[in-house]
Peer 1: 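Sharing a structure with you now.
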Number of protein chains: 2
Amino acid sequence: MTSTSKDAPQTMATTEPARPHVGRRAVISREDLMAAALQLVGPHRSISTLSLREIARAAGIAPNSFYRHFRDVDELAVTLINQAGEALRQIIGEARTRAVAERSVVQSSIEAFMEQLRADQKYLHLLLREGTVGSDAFKGAVERQLCFFEEELCTDLQRLAVQRDTGIYQPEVVSRAITRLVFAMGAKAMDQPEEAHPDIIEQLVTMVRMIIIGTQTMAAKSARDH
Amino acid sequence: MTSTSKDAPQTMATTEPARPHVGRRAVISREDLMAAALQLVGPHRSISTLSLREIARAAGIAPNSFYRHFRDVDELAVTLINQAGEALRQIIGEARTRAVAERSVVQSSIEAFMEQLRADQKYLHLLLREGTVGSDAFKGAVERQLCFFEEELCTDLQRLAVQRDTGIYQPEVVSRAITRLVFAMGAKAMDQPEEAHPDIIEQLVTMVRMIIIGTQTMAAKSARDH
DNA sequence: CTAATATATATACATATGTATAATAATGCC
DNA sequence: GGCATTATTATACATATGTATATATATTAG
């Protein structure tokens, strides 16, 4: 797994509508390969340890056929990361908008997050644990997705601050802290039995509350000093 | 790298004082092997990707000689993790005690931490980025070291809270949040140029301040409600 | 049908890995 | 000296990997 794959097609792969072909039809698609790779990763297996042959085997194709779809295992991995990030952001986004009227935004967002963990949507595994190892392209892809999370959370926090008229001190730092904390605790949770999850959720909620109360208090003090 | 090594000798390997030998003398020591492995890891190389042969090559011994010192690459890795954790805890501990009179404990602890990053003491790399991948024994070792950090920080926070008569709400959660956040941001910093480090330190200090102010505010409110 | 073309496979090669087995080398004890 | 003991190496083997090359297969255009 070298660090090539400079220009992976960013098309988000939504089962194209059977374009007219010339030549033999593809018996397998990029998506099939990605699914096969996803199937191999898990709590005890990281994507950066998958070999080309292994993925091809899981997908039921000859090793060389892999090259028809991706240049690299790395390129596949990056595509997978992007897909995972998008999917998760959408889920969290729904949880957030759904929660505005109901319960605490914090609580329900975190619960949605941990629910994804429990559902063994391997997507999350990618974002949680693969960010620190692997090729540069790989790490970069994870980092980019995390930044998207930060940005969305940031605008959301600012919106809420205005709405409820609570101050917010350095919202970018706040959203970054929350994002990193949630992902770090999520990674920890992945290595623990499910019985421990409720406890982790509770801790996580407390942590995020502390940060939010902290930023509000700091904002209040900062306003007082002016 | 399988997940064996159930009972690695926990002796922390402080260059034994030449015990009387019978048989041929060892030309290489556990420490030499660990040093060779450490030399191979770096910002672009994770310990879980090192092969036995590669480490042996770097140490200048035949592949099979490795077995005289460790059962596994995994066992070596775990030993290395423990050593790294101990070393880092000592450094941070010194920074903390040195800082009581001088500047903020938060600021100087974080600076000591990031200084270690910059000094490219590869030790830190191990703790920062290898916690999420690798064998169970491996991940367990990292997790254990992080817990040590949490515990030490926790007692320190409580001591400070008493000393300065500020409340502290759920100190275990606070110390866990701070520890995880520092390590997560440290891992991020490792993949960025050094110019970005001051900025990251500043953000990290703000984050920790928010958490501390948050827990104090929550403690105050909780006391008021009683 | 035939040619062109896109796709998939078969075979093969150089290389890497973990480790089993046997042989060699150095040390202490008698 | 010889002998037991330990450390190290040499050789070898089964297996895995990435990928180059050549070939087979299916599909459409003409």
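Values reported hereafter were calculated over all heavy atoms of this structure, with side chains retained and with hydrogens, waters and symmetry mates removed. Throughout, protein chains are lettered first and strands after them, A, B, ... in sequence-line order, and every chain is numbered starting at 1.
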Peer 1: Is a side-chain donor or acceptor of Arg53(A) paired with a backbone partner of Pro63(A) at a separation under 3.5 angstrom?
Peer 2: no
Peer 1: What's Ser65(B) touching, base or sugar-phosphate or nothing? Going by heavy atoms closer than 4.0 Å.
Peer 2: base
Peer 1: Quick one: Ile61(B) CD1 to dT9(D) P, roughly how many Å, whole number?
Peer 2: 7 Å
Peer 1: Salt bridge between Arg118(B) and Glu115(B), side-chain N to carboxylate O under 4.0 Å?
Peer 2: yes
Peer 1: Take the protein atom CG of Leu76(B) and the nucleotide atom P of dG18(C), then report the distance between them rounded to whole Å.
Peer 2: 12 Å
Peer 1: Find which nucleotide of DNA chain C each of Pro63(B) and Pro63(A) is nearest to by heavy atoms, and output the residue with the more 5' nucleotide.
Peer 2: Pro63(A)
Peer 1: Can you figure out which of dT9(D), dA6(C), dT8(D) approaches the side chain of Val22(A) most closely?
Peer 2: dA6(C)
Peer 1: Distance check needed: dT21(C) C1' versus Tyr67(B) OH, whole Å only.
Peer 2: 13 Å
Peer 1: Return the value, rounded to whole Å, for the distance between atom CG of Asp32(A) and atom P of dA8(C).
Peer 2: 10 Å
Peer 1: When you measure from the side chain of Ala26(B), which nucleotide among dT19(C), dA10(C), dT8(D) comes out closest?
Peer 2: dT8(D)
Peer 1: Just the rounded figure in Å: distance from P of dT11(C) to CG of Asn64(A).
Peer 2: 13 Å
Peer 1: Grab the CG-P distance between Leu40(A) and dT17(D) for me, whole Å please.
Peer 2: 11 Å
Peer 1: Can you name the nearest heavy-atom pair linking Ala59(A) to Leu33(A), along with the distance?
Peer 2: CB-CD2, 3.8 Å
Peer 1: Is any side-chain N or O of Arg24(A) closer than 4.0 Å to OP1 or OP2 of dT25(D)?
Peer 2: no
Peer 1: Of the candidate nucleotides dG18(D), dA7(D), dG18(C), which contains the atom at the shortest distance from the side chain of Ser51(A)?
Peer 2: dG18(D)
Peer 1: Show every side chain to side chain donor-acceptor pair (under 3.5 Å) that has at least one partner inside residues 196-207 of chain B, sequence neighbours left out.
Peer 2: Arg176(A)-Gln203(B)
Peer 1: Would you check if the side chain of Thr49(A) reaches a backbone N or O of Arg45(A) as a donor-acceptor pair within less than 3.5 Å?
Peer 2: no
Peer 1: Calculate the interatomic distance between Phe66(B) atom CZ and dA16(C) atom C1'; express it in whole Å.
Peer 2: 17 Å
Peer 1: Base, sugar-phosphate, or nothing: which does Arg68(B) touch, judged by heavy atoms less than 4.0 Å apart?
Peer 2: base
Peer 1: Taking atom types as modelled, find out whether Glu111(B) and Gln107(B) have a side-chain donor-acceptor pair closer than 3.5 angstrom.
Peer 2: yes
Peer 1: Report yes if at least one side-chain N or O of Arg25(A) is closer than 4.0 Å to OP1 or OP2 of dT28(D); otherwise report no.
Peer 2: yes
Peer 1: Tell me which residues in residues 52-59 of chain B lie within less than 4.0 Å of DNA chain D, going by non-hydrogen atoms.
Peer 2: Arg53(B)
Peer 1: Starting at atom CZ of Arg71(A), determine the distance to atom P of dT19(D), rounded to an integer number of angstrom.
Peer 2: 11 Å
Peer 1: When you measure from the side-chain N and O atoms of His69(A) to the phosphate of dA6(C), is any distance below 4.0 Å, counting only OP1 and OP2?
Peer 2: no
Peer 1: For residues 178-193 of chain A, please give each side-chain donor-acceptor pair under 3.5 Å, one per line with the distance, not counting sequence neighbours.
Peer 2:
residue   : atom : partner   : partner atom : Å
Thr179(A) : OG1  : Ser175(A) : O            : 2.7
Arg180(A) : NE   : Glu150(A) : OE2          : 3.0
Arg180(A) : NH1  : Glu143(A) : OE1          : 3.3
Arg180(A) : NH2  : Glu143(A) : OE2          : 3.1
Arg180(A) : NH2  : Glu150(A) : OE2          : 2.7
Lys188(A) : NZ   : Glu143(B) : OE2          : 2.6
Asp191(A) : OD1  : Arg129(A) : NH2          : 2.8
Asp191(A) : OD1  : Lys139(B) : NZ           : 3.1
Asp191(A) : OD2  : Arg129(A) : NH2          : 3.1

